[in-house]
Protein chains: 2
Amino acid sequence: MSEQVHEPRMQSMCEGPQGDPEVFRSILARVGDKWSMMLIGMLQEGPRRFTELKAMTQGISSRMLTQTLRQLERDGLVKREMFAEIPPRVEYSVTDLGRSLIPAVLAIAEWASAHTNEIAANREDYDAAVE
Amino acid sequence: MSEQVHEPRMQSMCEGPQGDPEVFRSILARVGDKWSMMLIGMLQEGPRRFTELKAMTQGISSRMLTQTLRQLERDGLVKREMFAEIPPRVEYSVTDLGRSLIPAVLAIAEWASAHTNEIAANREDYDAAVE
DNA sequence: CTGAATCCTTTTAGATACTG
DNA sequence: CAGTATCTAAAAGGATTCAG
């Protein structure tokens with residue numbers, strides 16, 4: 001009887017309108033993850049090898065790179081291709097699913113970019129007030 | 001000489017086009033945080049008291065609720081008002097800045113909502129393949 | 001080259017008890 | 001009511017070493 005709201009509401013983020021709420025939450029966590037979106041961004045321009053990614057992603061350890069790529073692969077956001085060569089070559093690339101996520105992440109990135117200074121100032125004020 | 005791209009690229013997520021890159025990253029982390037956006041969502045409908053939020057946010061401890069609210073307050077996404085009454089009353093509400101973040105988060109939420117099942121299936125496939 | 005395995009330190013967060 | 005303090009278990013993450 002009441003109007004149906006089609007856009008998901010923030011509330012719905014708790015339950016996940018469809019599908020497993022845990023999966024839903026983990027997607028959000030993946031986006032907020034330190035390396036995941038950074039890697040997706042890098043792969044956006046084309047396939048990259050493990051070592052390339054490691055060099056591009058300043059500060060990441062092999063361990064974290066492997067882990068993060070595995071999770072992205074598991075979710076189907078990234079594809080992993082192994083070539084039986086010597087020395088071995090492995091290429092990572094974004095999938096269509098991964099690519100479809102980019103605009104939404106970019107929206108956050110834009111907001112963050114626009115408000116970074118304001119937030120930094122807020123923090124300073126807060127910290128100064130609390131001492 | 002080359003065309004200027006106005007939209008932030010995923011790459012820029014690493015450096016943060018303007019302002020402190022660490023602040024920039026921490027914003028993304030906040031969005032991916034387990035409770036932050038859930039709380040913003042709840043406050044969207046109006047000011048809430050500590051106990052109300054705790055009751056609404058099923059599974060959160062006082063400790064985490066306090067911590068999360070403090071961080072949101074520090075960033076200027078949430079406002080905290082104390083009333084000198086007995087018993088004490090404290091009201092939390094979203095700020096304009098906090099409200100401005102909602103659409104971007106909703107974009108992620110929509111994507112997550114639309115792809116939860118697909119991702120769950122991907123994970124099953126992956127796990128089955130790896131054993 | 002592309003990791004896996006191990007060790008070890010740091011961080012996080014839940015449970016519990018207590019206070020103005 | 002609205003937290004703080006403390007303790008602890010668990011998880012995350014870096015460094016290092018080794019392997020196909």
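To find a chain, count down the sequence lines: A is the first, B the second, and so on, and within it residues start at 1. Just so it is clear, the model here is predicted, and its values are computed rather than measured.
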remark   = Rounded to whole Å, CE of B:M82 lies from C1' of D:dG3 at a distance of 10 Å

request  = Flag yes if more than 12 heavy atoms outside A:Q67 fall under 6.0 Å of its CD atom; otherwise flag no.
outcome  = yes

Euclidean distance, atom CZ of residue B:R30 to atom P of C:dT12 [Å, nearest integer] = 11 Å

key: Whole-Å distance separating the NZ atom of B:K34 from the P atom of C:dA13   = 8 Å

remark   = Per nearest nucleotide of DNA chain C, the residue lying toward the 5' end, A:Y92 or A:R63, is A:Y92

ask   = Can you tell me how far P of C:dG20 sits from CD1 of B:I86, to the nearest Å?
value = 13 Å

note = Quick note, B:M64 side chain, CB onward, closest among D:dA2, C:dG14, D:dG14 is C:dG14

note = Here the distance between atom P of C:dT2 and atom CG of A:L65, to the nearest Å, is 10 Å

note = Picking from C:dG3, D:dA2, D:dG3, the nucleotide nearest the side-chain atoms of A:R70 would be C:dG3

request  = Answer yes or no: does atom CG of B:D96 have more than 12 heavy-atom neighbours from other residues, nucleotides or ligands under 6.0 Å?
outcome  = no

query = Choosing from D:dT6, C:dG3, D:dG3, which nucleotide comes nearest the side chain of A:V90?
reply = C:dG3

Length of the NZ-C1' vector between B:K54 and D:dT4, whole Å = 13 Å

query = Nearest-Å distance, CG (B:L69) to P (D:dA2)?
reply = 11 Å

task = Considering just the side-chain nitrogens and oxygens of B:T51, establish if one lies under 4.0 Å of OP1 or OP2 belonging to D:dA2.
result = yes

query = When clusters are formed by joining ILVMFWY residues with side-chain heavy atoms under 4.5 Å apart, either directly or through shared neighbours, do A:L43 and A:M64 land in the same one?
reply = yes

request  = Could you tell me whether B:Q58 atom CD has more than 12 heavy atoms of other residues or ligands within 6.0 Å of it?
outcome  = no

side-chain contact (heavy atoms from CB on, under 4.5 Å) between B:L77 and B:I40, worked out = CA-CA 8 Å; B:L77 301 173; B:I40 297 265; 4.1 Å; yes

query = For the side chain of A:F50, counting heavy atoms from C-beta on, which of C:dG3, D:dG14, D:dC1 is nearest?
reply = C:dG3

note = Walking DNA chain D from its 5' end, the first of A:I60 and A:P88 to be reached, judged by nearest nucleotide, is A:I60

query = Starting at CD of B:Q67 and ending at C1' of D:dA5, how long is that distance when rounded to a whole Å?
reply = 12 Å

Closest listed nucleotide, where the reference is the side chain of B:R80 and the choices are C:dT2, D:dG3, C:dA4 = D:dG3

